[in-house]
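Presented below is the structure to which this report refers.
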Protein chains: 2
Amino acid sequence: MRYSRIPDETIRRLPIYLRGLLLTSERGDKSISSTNLADFIGVNPWQIRKDFSYFGDFGVRGMGYDVQKLVKKIKGILKLDIIQKVALIGVGNLGSAILAFPGFGVYGFNIAAAYDVDPKKIGKKRNDIKIENISRLWMLKRRNIKLAILAVPANSAQDTTDKLVKAGVRGILNFSSCYLSVNKKVKVITIDIAMELARLPYYIPAG
Amino acid sequence: MRYSRIPDETIRRLPIYLRGLLLTSERGDKSISSTNLADFIGVNPWQIRKDFSYFGDFGVRGMGYDVQKLVKKIKGILKLDIIQKVALIGVGNLGSAILAFPGFGVYGFNIAAAYDVDPKKIGKKRNDIKIENISRLWMLKRRNIKLAILAVPANSAQDTTDKLVKAGVRGILNFSSCYLSVNKKVKVITIDIAMELARLPYYIPAG
DNA sequence: ACCTGTGAATAAGTTCACAGCA
DNA sequence: TGCTGTGAACTTATTCACAGGT
């Protein structure tokens, strides 16, 4: 590691590279060049090389990158080399879709718990996960779950967040359309679906 | 408009400001200062002022910004002052959740059509919208729908995208975990849920 | 010849500090 | 005095060009 700080944008791209490499690996390829990978995932080759260079020498000049070695390295950087347990908070429409979502497995995530307020849902199972009472969020600490996906209505999002933080959660993927205030030990990534859609018309010429 | 180009990051923030202002407006406030708005939505005051300054003089020195006027102005910039029709492609778990999602209304979106391949779903209604056969995507042109939300499996995403573009769609909100190749007249915004989650562990210290 | 790794150049975005108006 | 508007300084990120292994 010869740089002092890794750019956030580089971290944002690492999962893209990881997925591309996993697919490459499934095809049976042993190595790949930055140009091939670039074509595959829609990023510039020099961007890829620059990003990798922050972490050391990954490739072999004239040859390219060893796919397996690179996968291992990126997983290590992102801390995806261990299984990460995640709790889902809020089993409504969106929450249910997230429980059924097949895409988390690639990165080694394990949705290990689900919580809701609705007494009708509590105790039932969805995708083999028992829905628990949200009043028992404090259990997350004992179960050593540090990550949560928040899919509750905006008006209870801050309140729930405070409880999550108290229960030792350190990372939150937030689907509520609101700003969450947390202490800076906690990392929040917000996905605001309506907001993403809201900036689309700007780019489209009228007519 | 005294600058040649509006930064993309500014456009990304405008919907945040818009939502904050709409909530302010509901509370009955006539005007708001950049500092108050900043506290409310979690952005710096100088960032807000800078962003607004790209579009001209919005505020009154010593007073703040007129909420109604600002809402109108931002809606105009984002082209949200007209009702934008959107088609949903893929009514699976995620697609259904999106159909039921209440958050689009704030920005004036109207989910006007839904398409799927599954014969069991075609003809049925979800949230008052009839699910149509995906082979009839070409109808989007006649119905003048320029925006689509893509919630189909990754392996059919590119194929469906090509059909959407052929049907005159100019903006796509893509939920599939893959790179979509489109001509540059079409704007794609990708929301990759697993990928967002995948960069969370990096920021969390071990232990 | 091929492909990586990286300093340097360029571009983009954020923060600051303060002039200017109500 | 309070708050906006903005040039300038600063920070961050992208792109380029090419040296240096295989």
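Residue numbering restarts at 1 for every chain, and letters A, B, ... go by the order of the sequence lines. Just so you know, these numbers come straight off a predicted model, no measurement behind them.
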Checklist line | Euclidean distance, atom CG of residue A:D8 to atom P of D:dT11 [Å, nearest integer] | finding: 16 Å
Show me the donor-acceptor pairs, under 3.5 Å and distance only, between side chains in residues 58-78 of chain B and residues at least two apart or in other chains.
unit_1 : atom_1 : unit_2 : atom_2 : d
B:D66  : OD1    : B:Q68  : N      : 3.1
B:D66  : OD1    : B:K69  : N      : 2.9
B:Q68  : NE2    : B:S25  : OG     : 2.8

Next item on the list: Check every atom of D:dT14, C:dC3, D:dT4 against the side chain of A:S33 and return the nucleotide holding the closest atom.
Entry: C:dC3
Notebook entry, point to check: Expressed in angstrom and rounded to an integer, what is the separation of A:I32 atom CD1 from C:dC2 atom P?
Noted result: 18 Å
Checklist line | Donor-acceptor pair, side chain of B:K79 and main chain of A:I204, under 3.5 angstrom | finding: yes
Next item on the list: Have a look at B:Y115 and tell me which of B:I131, B:T160, B:L140 forms a side chain to side chain contact (heavy atoms under 4.5 Å, CB included) with it.
Entry: B:L140
Next item on the list: Please report the C-alpha distance between A:S177 and B:R19 in whole Å, then the side-chain angles of each, then the deciding distance to 0.1 Å, and finally whether the side-chain contact (heavy atoms from CB on, under 4.5 Å) criterion is met.
Entry: CA-CA 9 Å; A:S177 344; B:R19 169 153 24 232; 3.2 Å; yes
Note to self: In this structure, how many angstroms lie between the P atom of D:dC3 and the CG atom of B:D39, rounded?
What the structure shows: 12 Å
Notebook entry, point to check: Do any of residues 58-80 of chain A sit with a heavy atom less than 4.0 Å from DNA chain C, and if so which?
Noted result: A:F58, A:G59, A:V60, A:R61, A:G62, A:M63, A:G64, A:Y65
Item checked: Value in whole Å for how far the P atom of C:dA9 lies from NZ of A:K50 -> 13 Å
Next item on the list: Provide, to the nearest angstrom, the distance between the CG atom belonging to B:D57 and the P atom belonging to D:dC3.
Entry: 18 Å
Next item on the list: Give a yes/no on whether any side-chain N or O of A:R12 is located under 4.0 angstrom from OP1 or OP2 of D:dT14.
Entry: no
Note to self: If you assign A:R49 and A:E9 each to the DNA chain D nucleotide with the nearest heavy atom, which residue ends up on the more 5' nucleotide?
What the structure shows: A:E9
Note to self: Check this one for me: any side-chain N or O of B:S34 less than 4.0 Å away from OP1 or OP2 of D:dT4?
What the structure shows: yes
Next item on the list: Return the residues of residues 41-48 of chain B meeting this criterion: a heavy atom under 4.0 Å from some atom of DNA chain C. Order them by number, or give none.
Entry: B:N44, B:W46, B:Q47
Checklist line | N/O donor-acceptor pair under 3.5 Å between B:T10 side chain and B:I6 backbone | finding: no
Next item on the list: For the pair B:Y107 (side chain) and B:P15 (backbone), establish whether a donor and an acceptor sit closer than 3.5 Å, ignoring hydrogens and angles.
Entry: yes
Notebook entry, point to check: Is a side-chain donor or acceptor of B:K85 paired with a backbone partner of B:R143 at a separation under 3.5 angstrom?
Noted result: yes
Next item on the list: State whether a side-chain donor-acceptor pair under 3.5 Å links A:D29 with A:T24.
Entry: no
Margin query: Donor-acceptor check, side chain of A:D192 to backbone of A:M195, threshold 3.5 angstrom: yes or no?
Written below: yes
